[in-house]
Each structure stands twice: as structure tokens, then as C-alpha cells.
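Here the structure is laid out as C-alpha cells; the discussion comes afterwards.
Letters A, B, ... are given to chains in the order of the sequence lines, protein chains preceding strands, and every chain is numbered from 1.
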Amino acid sequence: EVHLVESGGGFLQPGESLRLSCAASGFTFSSHAMSWVRQAPGKGLEWVSTISGSGFGTNYADSVKGRFTISRDNSKNTLYLEMNSLRAEDTAVYYCAKCGDDDYPDYTFPYWGQGTLVTVSS
Amino acid sequence: QSALTQPASVSGSPGQSITISCTGTSSDVGNYDFVSWYQQHPGKAPKLMIYEGSKRPSGVSNRFSGSKSGNTASLTISGLQAEDEADYYCCSYAGEYTYVFGTGTKVTVL
């Protein structure tokens with residue numbers, strides 16, 4: 001069974017940095033791209049970043065480009081999101097999501113974690 | 001990377017059918033057959049309901065169906081039930097490891 005568990009959320013001030021982690025289990029981690037999706041309080045879903053299975057392919061939403069870095073450690077089955085220069089508008093629940101599965105194309109999010117809350121406020 | 005456009009809210013009585021539209025551009029919805037739909041209940045993670053525009057994951061009720069025409073995708077819920085009351089989001093692949101979500105639609109069962 002696929003299991004995704006995010007951690008690392010917290011309360012920070014503007015300009016600070018934070019690293020989120022997503023521990024994955026139940027599948028061959030290195031075979032699948034992974035993504036981060038966030039949801040500000042009371043707002044909709046926003047795609048943040050995706051990384052290929054190998055880690056060599058990445059992309060970011062314009063709203064975080066240059067400030068956030070996605071990475072993965074396939075030996076530890078863990079996905080990361082390094083967030084720098086945090087702003088109030090980065091306040092959100094951050095979900096990690098698996099891209100595809102044996103039964104689903106890579107361009108789909110069939111599995112999600114429970115999310116971790118990041119609050120940025122002065 | 002503009003969000004796909006969805007109606008803010010749609011409502012219907014139990015047993016009725018409703019349709020949620022999702023309008024994008026020729027760079028996302030119109031260019032790829034990778035539109036998916038997610039259901040989200042309050043405080044919960046999103047759940048995949050439709051993928052590749054019209055395919056249903058195992059375990060998802062056949063009351064949910066999807067379609068796409070040009071730059072617009074649609075989700076139809078037939079035989080509306082109380083448990084269908086939730087927020088629904090469309091999502092399209094937009095190339096080179098990028099995605100765009102819709103603005104979200106709150107479905108209310110009257």
C-alpha cells in the first residue's frame with residue numbers, strides 16, 4: 001500500500017527558510033516522479049513543483065521559482081522541498097503527491113500525503 | 001501558469017445530475033489528454049476521481065464521468081448523493097513537469 005507522510009511544517013517569520021520532507025513507502029520510489037501541491041487556508045489547490053524519478057528533471061510554479069528547491073533521496077525513499085525567502089503568501093498546507101502508478105499515467109496524482117502546515121507570519 | 005477556470009459553486013438536489021466545467025487554454029487542457037479531477041472533503045487530502053479526461057479509478061462510483069472538448073473539460077456527477085458534497089478540482093498537465101489546477105468548485109447537495 002502506498003503511504004506518503006509529510007513532515008517539517010511549522011511557524012516562521014517572513015524571510016526565513018524551512019525544509020519539508022515526505023517519506024514514501026509501498027512502491028519503488030525511484031521509478032516515479034513526485035510533486036508538491038499546496039493549499040492556502042480556505043483557498044484552492046496550487047501545484048508547486050515536480051521532480052522526475054531520477055531527480056534530474058524538475059520544474060516549479062512561477063510563484064516559487066528561485067526560492068524553492070525540490071529534491072529527492074532515492075536511497076531513503078524521501079522527497080524534500082527546501083523553501084527559502086518565505087513570504088506570508090506561502091502559508092499553506094503542503095501535500096506531497098505521487099505522480100502516476102502501475103495503473104495510472106505519470107500525469108496524474110493518485111496518491112497524496114496528509115499534508116503539513118506551513119505558516120509564515122510576522 | 002494561470003489557474004484553470006471553474007464555477008465557484010454548483011448545487012443540485014439528491015438524484016439530480018450536475019456538471020462542472022474546467023476551462024483552460026491550448027497550452028494545457030487543449031494540448032494534452034491528461035486532465036484529472038479531484039474530490040476534497042473538508043480537512044482531507046484530495047482524492048482522484050477521474051484521470052485522462054474520462055477514466056475512472058477502481059473504487060470510484062460510475063456516477064462520476066468526465067469528458068473534454070477543446071480547451072474545456074467537464075465532470076458530471078449523476079444521481080447526486082449527500083456524500084458527493086465536497087470541493088472539486090480539475091488539473092491539467094502543461095508540459096515539462098508542470099501542472100495547473102482549476103480554481104475549484106464547491107458542490108452543494110440541497
Side-chain angles (χ1 to χ4, degrees), chain A residues 1-6 22 32-65 70-72 92-117, chain B residues 1-9 20 22 24 27-29 31-60 66 68 73 86-107:
Chain A
E1 182 185 358
V2 173
H3 208 46
L4 302 171
V5 180
E6 302 94 336
C22 171
H32 294 277
M34 298 289 295
S35 292
W36 288 98
V37 177
R38 69 183 182 183
Q39 186 170 36
K43 303 297 185 181
L45 300 173
E46 179 188 15
W47 169 78
V48 173
S49 182
T50 296
I51 185 168
S52 65
S54 66
F56 290 117
T58 61
N59 218 330
Y60 301 89
D62 289 343
S63 57
V64 306
K65 197 170 291 185
I70 191 171
S71 63
R72 63 192 298 158
V93 172
Y94 285 74
Y95 295 100
C96 70
K98 180 175 182 279
C99 299
D101 192 53
D102 293 344
D103 298 323
Y104 304 103
D106 288 344
Y107 312 107
T108 297
F109 305 123
Y111 297 102
W112 299 65
Q114 84 288 348
T116 187
L117 177 62
Chain B
Q1 295 181 347
S2 297
L4 308 177
T5 301
Q6 298 180 230
S9 63
I20 303 168
C22 167
S27 297
D28 38 62
V29 176
N31 196 38
Y32 298 96
D33 291 329
F34 298 115
V35 174
S36 50
W37 289 89
Y38 301 86
Q39 177 192 65
Q40 187 181 36
H41 286 108
K44 301 294 187 181
K47 174 187 176 183
L48 177 66
M49 303 301 285
I50 294 287
Y51 66 99
E52 285 186 331
S54 61
K55 297 180 180 179
R56 214 172 27 250
S58 61
V60 172
K68 192 190 89 166
D87 293 325
Y88 291 83
Y89 296 90
C90 60
C91 178
S92 176
Y93 181 64
E96 297 186 17
Y97 297 113
T98 68
Y99 298 81
V100 58
F101 279 92
T103 50
T105 299
K106 181 177 180 60
V107 169

Short side-chain to backbone donor-acceptor contact, Asn59(A) and Glu96(B), under 3.5 Å: yes
Interface moiety of Lys55(B) toward chain A, non-hydrogen atoms closer than 4.5 Å: neither
Interface moiety of Val37(A) toward chain B, non-hydrogen atoms closer than 4.5 Å: side chain
Non-hydrogen atoms of Tyr95(A) and Lys44(B) that approach each other most closely: OH-O, 3.5 Å
Residue pair Gln39(A) / Phe101(B), side-chain heavy-atom distance below 4.5 Å: no
Most chain A-contacting option - heavy-atom pairs closer than 4.5 Å, from Thr98(B), Val35(B), Asp87(B): Thr98(B)
Parallel, tilted or perpendicular, as decided by the 30° and 60° cut-offs, for the rings of Phe109(A) and Tyr38(B): tilted
Proximal component of Gln6(B), with respect to chain A [non-hydrogen, under 4.5 Å]: neither
Contact leader toward chain B among Thr50(A), Asp103(A), Leu45(A), where contacts are heavy-atom pairs under 4.5 Å: Leu45(A)
Pick from Ser36(B), Pro46(B), Ala45(B) with the largest number of heavy-atom pairs that fall under 4.5 Å of chain A: Pro46(B)
Segment of Tyr111(A) engaging chain B (4.5 angstrom heavy-atom cut-off): neither
Closest-packed option against chain B by number of heavy-atom pairs under 4.5 Å, given Gly57(A), Ser49(A), Ser63(A), Ala33(A): Gly57(A)
Within 6.0 Å of NE2 in His3(A), more than 12 heavy atoms from elsewhere: no
Stepwise side-chain contact (heavy atoms from CB on, under 4.5 Å) check, Tyr107(A) with Tyr99(B): CA-CA 8 Å; Tyr107(A) 312 107; Tyr99(B) 298 81; 3.8 Å; yes
pair Pro57(B)-Tyr104(A): side-chain heavy atoms closer than 4.5 Å: yes
Sub-4.5 Å side-chain heavy-atom contact between Thr58(A) and Tyr97(B): no
Residue among Gly115(A), Pro110(A), Ala61(A) with most heavy-atom pairs under 4.5 Å to chain B: Ala61(A)
